[in-house]
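First listed ligand is number 1; within each ligand, the first listed atom is number 1. The first residue in the sequence is number 1, and the count goes up from there.
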Amino acid sequence: MALSSPEITNSTDTINPEERPSSCPVNPHKLPHLTDYLRDLKTYTNPLDNNHFYRPIEGFYLADSDIVLRHVSFDLSVTFPSQSSQVAYIRAGPRKQIFYEPSNIRVGIVTCGGLCPGLNTVIRELVIYGVTAGYRGFYSREPIELNPKLVHNWHKRGGTALETSRGGFDLQKIVDAIEGRGFNQVYIIGGDGTMRGAVKIFNEIRRRKLYVGVAAIPKTVDNDIGIIDRSFGFQTAVEMAQQAVSAAHVEAESAVNGIGLVKLMGRSTGHIALHATLSSRDVDCCLIPETDFYLEGEGGLLEFLGKRLEDNGHAVVVVAEGAGQDQIPRTDAQKEERDESGNPVFLDVGPWLKSELKKWWSRDHPEELFTVKYIDPTYMIRAVPANATDNTYCTLLAHSAIHGVMAGYTGFVAGPINGSYAYIPVDEAAVAKNEINTRDHRWAWVRSVTNQPDFAKS
Ligand SMILES: Nc1ncnc2c1ncn2[C@@H]1O[C@H](COP(=O)(O)OP(=O)(O)O)[C@@H](O)[C@H]1O
Ligand SMILES: O=P(O)(O)OC[C@H]1O[C@](O)(COP(=O)(O)O)[C@@H](O)[C@@H]1O
Ligand SMILES: [Mg+2]
C-alpha cells in the first residue's frame, strides 16, 4: 500500500461489539484485537484518506458493525433462526482508524505446507520481509527483504518464491524470532496444519503482550478448510485435474475394454475429484475419502465396471488419494508413519487399484483383452500459476488481511463467506473442516452424472 503521513489521534471509532445497540439483529463473533491486551495504543487516520488513487466516500470505511452472515439460506417452513442466534463475522475492508504508524511497519510473511497455485500472488501484495522455508525459517534463516520491483512479476509464477516446508514448528523459537527481528505484523499463509500453528503463535504473542498483529491466509489445494467459500488455487487445480481426466477418457475409449484410472490429490476431502468429475462429465465412478467403497460382490466397484465395459466398451474412474485407505493392506509400521508435519502417510491408492483391476479381469475374463491406463498427475495440478479467477481472489485476500491487521485486528483468518470477505477468528478456522456431505444434493448430482453405485452394503 502507498502510505502517506498519518494524523495521530487517540481514539478509535470502531464499534465495540459489547456496545452494539440492544436491537442489533445478530451476534458477530468477537475478533481478537491488539487493544484487548495493549490498552493505550495510539490510532492513526488511514493514509488512504490522502492517497491520490483513493477518494474515500461515505461508506468506504467499515466498522465492527459491518458483518457477513455465515448462513444465507433458511427454510422458512421449518424454523427461522432467531436473529440473535445467527452466526456472523466482521466484514473485511479498510477502517478509518488504524493502529500502525505507516512508516513504522515491519512485516514478516511465511508460506507453509504444500504448494498451491496463487501463493506468489498473495506474497506479491504483502511485501516487506519474506520468511523462507516455512515455520522453521523464522528461526533458522535470514528473512529476505522484498520490494515492489522484486515481486512485480511473481503472480505469474507457480510455487512459492519464499519456499515452503512441512514440520519445523518450534513455538518459542518462532515467537522469539518474531520479537527479535522486530516484526509488528506477521502474515501466515498455509493450510489446516499451518492454521493450528498460527493459533499457537497468536496465543503466545498475546501472552507476551507483543505489539504484533497476526493474520492467516488459508491455502489448501484440497479445499479442506471450512467456513470460507473455497480456498485459493482450488479452481486452478481442478482445471489441471480435468486435463488428466480427459486424457484418461481418450485412452480408455481407444482401447478394447479400456479403463482410465486417474488419482487426484485430496487427503481428507475429495473436492478436486468431485469437481473434476462434475465438470468433465467423462467419469463413470468418483471415489472420495468421505465415503467407503468396496470391490467385490453385489453393488461393488468391479461388478459396476464390468457392466460399464459391457455397455460402453470403456470406463473412467477418478480416485482421490485419501479414498480406500482402509482397504489397502499395510504393515503395522506403515500404519504409524507420519510426515514431518504429523499428517498420516497414505499408501498409494492408484497403483493398488490398478493392480486389483488387472487381477479381477485376468481371473474373470482370462481370454478377453483388457487395459488399465493409469494417470497420476500428482504435483502438475498444483505447481502451476494461478488462473485469472484465483489470481484476483489472492489479491483480494491479501488486501483484506492487510486492512484487518492495520485496523488492529489480530489472530484472524481472512476469507470469503457467501461472496463477501470477512475476518474469522483463527482458532475457529483451524478446526473448521470442509468435508463433502455425501447426503446432500451435490453428491447426489455426482451419482446421477456417473450412475455409480452408492456402495451401501445392505
Ligand atoms: N498442531 C500443530 N501445531 C503446530 N504446528 C503445526 C500443527 N500441525 C501442523 N503444524 C505445522 O504447520 C506447518 C504446515 O503443516 P502441514 O500439515 O504440512 O500443511 P498445511 O498447513 O498445508 O496443512 C508445518 O510446519 C507443521 O509443522
Ligand atoms: O508431497 P507433499 O508436498 O507432502 O504434498 C502432498 C500433499 O499435499 C496436499 O496437496 C495437501 O497439502 P496441504 O495439507 O499442504 O494443503 C495433499 O493433497 C497431498 O497429500
Ligand atoms: Mg493440510
Show which atoms of ligand 2 fall inside a sub-4.0 Å distance from at least one heavy-atom site of [X].
{"X": "Gly114", "value": "15 (O)"}
{"X": "Glu321", "value": "17 (C), 18 (O), 19 (C), 20 (O)"}
{"X": "Gly266", "value": "18 (O)"}
{"X": "Lys219", "value": "13 (P), 15 (O), 16 (O)"}
{"X": "Val221", "value": "10 (O)"}
{"X": "Gly113", "value": "15 (O)"}

Cationic N near anionic O, under 4.0 Å, [X] to [Y]:
{"X": "Arg363", "Y": "Glu296", "result": "yes"}
{"X": "Asp64", "Y": "Lys30", "result": "no"}
{"X": "Glu253", "Y": "Lys373", "result": "no"}
{"X": "Asp348", "Y": "Lys263", "result": "yes"}
{"X": "Arg141", "Y": "Glu163", "result": "yes"}

message: Minimum heavy-atom separation for Phe232 and Gly118, please, with both atom names.
response: CE1-C, 3.7 Å
task: List the atom of Asp229, the atom of Asn418, and the distance in Å for their closest heavy-atom pair.
output: OD1-N, 2.7 Å
Residue selection (non-hydrogen contact nearest atom 5 (O) of ligand 2) among Met265, Arg382, Glu340: Arg382
message: Just to be sure I'm reading this right: ignoring hydrogens, which of Cys112, Gly193, Ala133, Ser165 gets closest to atom 9 (C) of ligand 1? Compare them by their nearest heavy atoms.
response: Gly193
Of the protein's non-hydrogen atoms, which lies at the shortest distance from [atom], and what is that distance?
{"atom": "atom 3 (N) of ligand 1", "result": "Lys200 NZ, 2.8 Å"}
{"atom": "atom 22 (O) of ligand 1", "result": "Lys219 NZ, 2.8 Å"}
{"atom": "atom 5 (N) of ligand 1", "result": "Phe169 CG, 3.3 Å"}
{"atom": "atom 4 (O) of ligand 2", "result": "Arg166 NE, 2.9 Å"}
{"atom": "atom 18 (O) of ligand 1", "result": "Ser341 OG, 2.6 Å"}

message: One pair to check against side-chain contact (heavy atoms from CB on, under 4.5 Å): His403 and Leu62. What are the steps and the verdict?
response: CA-CA 10 Å; His403 285 311; Leu62 305 177; over 6 Å; no
query: For Arg136, is the nearest heavy atom under 4.0 Å from an atom of ligand 1?
result: no
message: Using heavy atoms and a 4.0 Å limit, tell me yes or no: is Asp192 in contact with ligand 1?
response: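 Flag set, Asp192 near ligand 1.
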[X]-ligand 1 polar pair, N/O distance under 3.5 Å:
{"X": "Thr194", "answer": "yes"}
{"X": "Gly190", "answer": "no"}
{"X": "Gly167", "answer": "yes"}
{"X": "Asn343", "answer": "yes"}

- request: Sum up the protein N, O or S atoms located under 2.8 Å from the Mg ion (ligand 3).
  value: 1
Name every donor-acceptor pair, under 3.5 Å, that has one atom in a side chain of residues 208-220 and the other anywhere in the protein, sequence neighbours excluded.
| residue | atom | partner | partner atom | Å |
| --- | --- | --- | --- | --- |
| Arg208 | NE | Glu204 | OE2 | 2.8 |
| Arg208 | NH1 | Asp176 | OD1 | 2.8 |
| Arg208 | NH1 | Glu179 | OE1 | 2.9 |
| Arg208 | NH2 | Gln172 | OE1 | 2.7 |
| Arg208 | NH2 | Asp176 | OD1 | 3.0 |
| Arg208 | NH2 | Glu204 | OE2 | 3.4 |
| Tyr211 | OH | Phe99 | O | 2.5 |
| Lys219 | NZ | Gly114 | O | 2.8 |
| Thr220 | OG1 | Asp222 | N | 3.0 |
| Thr220 | OG1 | Asn223 | N | 3.0 |
| Thr220 | OG1 | Asp224 | N | 3.4 |
| Thr220 | OG1 | Asp224 | OD1 | 3.0 |

query: Testing Thr121, Thr395, Leu119, Asp390 for side chain to side chain contact (heavy atoms under 4.5 Å, CB included) with His155, which one passes?
result: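 Looking at Thr121, Thr395, Leu119, Asp390, the match for His155 under the side chain to side chain contact (heavy atoms under 4.5 Å, CB included) is Thr121.
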Heavy-atom contacts with [X] under 4.0 Å: which atoms of ligand 1 show up? List them by number with element.
{"X": "Gly197", "value": "4 (C), 5 (N)"}
{"X": "Arg196", "value": "1 (N), 2 (C), 8 (N)"}
{"X": "Gly191", "value": "20 (P), 21 (O), 22 (O), 23 (O)"}

task: Answer yes or no: are there more than 12 heavy-atom neighbours, outside Arg338 itself, under 6.0 Å from its atom CZ?
output: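 Enclosed.
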query: Tyr379 and Val221: side-chain contact (heavy atoms from CB on, under 4.5 Å), yes or no, with the steps?
result: CA-CA 11 Å; Tyr379 302 111; Val221 78; over 6 Å; no
task: Report the part of Met195 in contact with ligand 1, treating N, CA, C, O as backbone and CB onward as side chain, heavy atoms under 4.0 Å; options are side chain, backbone, both, neither.
output: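 Neither; no heavy atom under 4.0 Å.
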Any side-chain heavy-atom pair from [X] and [Y] closer than 4.5 angstrom?
{"X": "Tyr421", "Y": "Pro416", "value": "yes"}
{"X": "Pro289", "Y": "Gln325", "value": "no"}
{"X": "Leu309", "Y": "Ile259", "value": "yes"}

Is ligand 2 less than 4.0 angstrom away from at least one heavy atom of [X]?
{"X": "Gly191", "answer": "no"}
{"X": "Asp222", "answer": "yes"}
{"X": "Tyr379", "answer": "yes"}

query: Is there a nitrogen or oxygen of Asp339 sitting under 3.5 Å from a nitrogen or oxygen of ligand 2?
result: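 The answer is no, given that Asp339 and ligand 2 share no N or O pair closer than 3.5 Å.
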query: Can you say whether the rings of His275 and Phe234 are parallel (under 30°), tilted (30 to 60°) or perpendicular (over 60°)?
result: perpendicular
